[in-house]
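First listed ligand is number 1; within each ligand, the first listed atom is number 1.
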Amino acid sequence: MSEVGTYDVVDGIGVITVDNPPVNALGVKTRVALDEGFRKFADDPSVKAIVLTCGGRTFFAGADISEFGKPPQGPNLHEVMALVENLKKPVVAAIHGTALGGGFEVALVCHYRIAVPSAKVGLPEVALGLLPGAGGTQRLPRIVGPEAALDIMTGGKPVGAKKALEVGMIDALATEGQLREDGIAFARKLLMEAKPLQRVRDREDKIADFRGKPEFFDGYLARNARAFRGLKAPVNITRAVQAAVDLPFDEGMKRERELFLELVSGPQSAALRYYFFAERQAAKIPDVPADTPKLPIRKVGVIGAGTMGGGITMNFLNVGIPVTLVETTQEALDRGLKVIRRNYEGSAAKGRMTQQQVEERMALITPALSMDALANVDLVIEAVFEEMGLKKEIFGKLDKIVRQGAILASNTSFLDIDEIASATSRPEWVVGLHFFSPANVMRLLEVVRGAKTSKEVIATSMDLGKTIGKVSVLAGVCFGFIANRVMSKRSLAANELVLRGPTPQQIDKALFDYGFAMGPFAMTDLVGLDVIGRGSGERTLNGDLVALDRLGQKKNGGYYDYDEKRKASPSPVAAKVIEDFAAYKGIERGLTLSDEEIVGRLLFPVVNEGVKLLEEGIALRASDIDVALILGYNWPAFTGGPMHWADSVGLQKVVDSLRSMGIEPAKTLVERAQQGGALAK
Ligand code: TC6
C-alpha cells in the first residue's frame, strides 16, 4: 500500500493523486504510488481514462537528487513510465507548481498535459550537470522541434504555462484552483471525442527535417561555445537530441542512457549536485531555528545612491518593495536615479520588461536629501564609502531617527559590524547585509552577524535574500567576511607569482581554462588599476603602472595593451614594469610552471583561508564558503567551489603544495589530510 498515493474514481475517470512533501520528488515512495495507481486503474474496467495530479505545493519536481549514486530501490521509473505510455486509456497530467526534470518527463509519457497558468514546466537537469535521462531528450524534440528543445534543455530555465502552451509543451490551460475538476473534464471530453491515443514517442513531424544533418548539431555547439565552455552536460544533451532525430525511438533512448550515465558518474555532476544541496543548506543556522519570528519588510531605506546603493535599491523595486533613497546632494541623487532608470530602460530595450514596468518600478522610489525620511522604514541599508568614522556617524544618527523595531544594516565589505553597531543604542538590531557588485545581478547576500545581532534580525535577513532572489550566506565579523577575505588570497598569490616569471597572460589563461570568466590581471585592467591599488601607502606593482598613467582598459592599458576594440595583447611596457619591480623587491625570476601548477598556486591559498574561516567560526560550514564564492565571485560552479574542489584534488596535495610555496597550512587542513578526510561533504 502506498503511503503517498490516493486513487479515486469519478464517473469512470480514475484520479491518481500523489502527495509526498516537500516537492513530490520521484523517490521510492512516489514511484510506489505511481506504479500502484497505474496498475490498479489499468486493470479496472470501470476506469476509462486517468488523470495524474499531485497534492501539496507542486507536481513532481524531479528525480530525488539524493538518490543518485545509491543502489536502486523500489519500482524503476522507466518501467512505470513505459506502463503509462502504453496504456490503452488516455492519461492526462494535471500540473500545478513546478513540473521539472523527471517530473516533466513523467508528464511527457502521459497522452495529454494541462496546467494552471501559474505552473512552470522544464528540464533543468543541466544545472545538475546532467541530461534529462528519463526520455526527455527523446520526447521533447518530438513536440517542440530540436532547436527549441535544445534551448530549453541546455538553458535549463523553467517555462511558464502560457509559453509552454504556445510551444506545445502542454495542451491546454486549466483554471487556477480547479485543476482536478478541469483534469476530469478534459479526460471526459477526450472520451467523448474518442480520438485515437497519441504517444509522444510516435510523433515524427517536428524532427523529420533534421534527420541526417550532423551540421545542424555541430553548428549549435559552435554557436554556443562560449556559454558551454568547460561544461559536459550541454554537449551530451546536444548529442542525445541528435540521436532522437537520427535513430529509432528505442535506440535513441539507449543513447540517452549512455550519455546520462557518462554524466552522472563524472565529477561535474557530482560537484553540481553537491552545490544544489549546499545552496539549500546555507539557509539553516543551528541556533536560529526555522520557526524564529521574522519581521515584515514592507518599506526599505537605502543610504547612498552610488553604484552599490543603486544596485541594492533595484533588488527591492524588482519585487515591489518601496525604497526611500537618501543622498547628501541633489546632484548625487539625480545621478543615482538616472543610472537606475538607464538600467531598467536597458532591460526594456532587450524586451525583458515593458516601459510601463520601468515606470512602476521608478515610482516605488522616494528620493530624499535627509535621513529624517527614514523614520518609518522597516530596514535601512547604508551603502556609503568604506570609512569607519562616516559609518559610525550615520548609525548614530539613524539610532535617533529610525523607529524602534527596524533593522539597521550596513553594506560594508570589510569593516567591523560590532564597531558600527556600537554607535547605536540598539546593537541587537544592527547587521551586515553585504551585496556583491553589480548588486542587482550577483546572487550572493552575505549576512554578517554581529556579536549582539538578535536571532529575529538574523532570521529576517536570511529570509530577505530569498525574497529578492538571492542566496543568503551567514558570516561572522572579520576583515572581508567570507568571499572577499578568501579571494584576497588569490590576488595576493597572483601578484607574487607574476614577479617570479609567469606572465599575466599565462596566469590569466590558466584560470580561464579552469573555468573563471577571466583571470586576475584581466579583471584588474577591467576594474581599473587606480581602483584596485587604492589606499596602500607602500610601493606596489599596481602603483608603478598607475605612475605611468596605465589605468587599465579605461586609459593606456594596464597589464595588457588594448586596441580600439578593447582587444587585449601582451604589453612590453607592463613586462618591463614587472621586471623592474621584481628587481626592486630582490625577487629572482625565471620560474616556469604548468597551468595546473599555476592554478594550485593561486587557488590553494584560497582553500587554506577557507579552512581558517571554519576554524575561527566565521563561516558555519565548508559548503557555505563554496556557495559564497560561486555566487559572489563566479567561481565555476562545476568545480563545486574551492572547498569541494580541494576534496576532489586531494587534501594532502593541497597541504604539500602550500608548504612548497612557503605557506603554513591551516591546522584542520593538515589533520583532515592525515585522516584521509574531506572539507565538504
Ligand atoms: C531529474 O529529474 C533527473 C531525472 C533523470 C531520470 C532519472 N530531490 O528548493 P526548495 C528539497 S534531476 C530531492 O527550498 P522552493 C530541497 O533540498 C531533478 N530533494 O523549495 C529542500 O529540502 P530541505 C530535476 C529536493 O519552493 C526542499 O525540497 N529537478 C528536490 O524554493 C524544498 O526545496 C530539479 O532540478 C529533488 N529533486 O523550490 C528541481 N527538489 O527543506 C530541483 C527539492 O530539506 N528543485 N528538494 O532543505 C527545485 O528547483 C526547487 O526545489 C523547486 C522548489 C523549484 C522545486
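Shown here is Lys294, whose NZ atom has more than 12 heavy atoms of other residues, nucleotides or ligands within 6.0 Å.
Between the side chains of Thr58 and Asn24, not a single donor N or O lies within less than 3.5 Å of an accepting N or O.
Closest to atom 20 (O) of ligand 1, if we only count protein heavy atoms, is Arg57 NH2, 2.7 Å. In this structure, atom 13 (C) of ligand 1 lies nearest to the protein heavy atom Asp64 OD1, 3.3 Å. The closest protein non-hydrogen atom to atom 40 (N) of ligand 1 is Val23 CG2, 3.5 Å. Among all protein heavy atoms, the one lying closest to atom 27 (C) of ligand 1 is Pro22 CG, 3.6 Å. Residue, atom and distance of the protein heavy atom nearest to atom 48 (C) of ligand 1 are Arg280 NH2, 4.0 Å. Taking atom 45 (N) of ligand 1 as the reference point, the nearest protein heavy-atom neighbour is Phe276 CZ, 3.7 Å.
Using a distance-only test at 3.5 Å, with no hydrogens or angles considered, no donor-acceptor pair links the side chain of Glu67 to the main chain of Gly27.
The closest approach between a heavy atom of Lys120 and any atom of ligand 1 is not below 4.0 Å. Ligand 1 lies out of reach of His78, whose nearest heavy atom is not under 4.0 Å from it. Using a 4.0 angstrom heavy-atom cutoff, Gln281 does not count as in contact with ligand 1.
Within a 4.0 Å radius of atom 22 (O) of ligand 1, the protein contributes no heavy atom.
In this structure, of Gly156, Ala25, Pro21, Ala63, the residue bringing a heavy atom nearest to atom 37 (N) of ligand 1 is Ala63.
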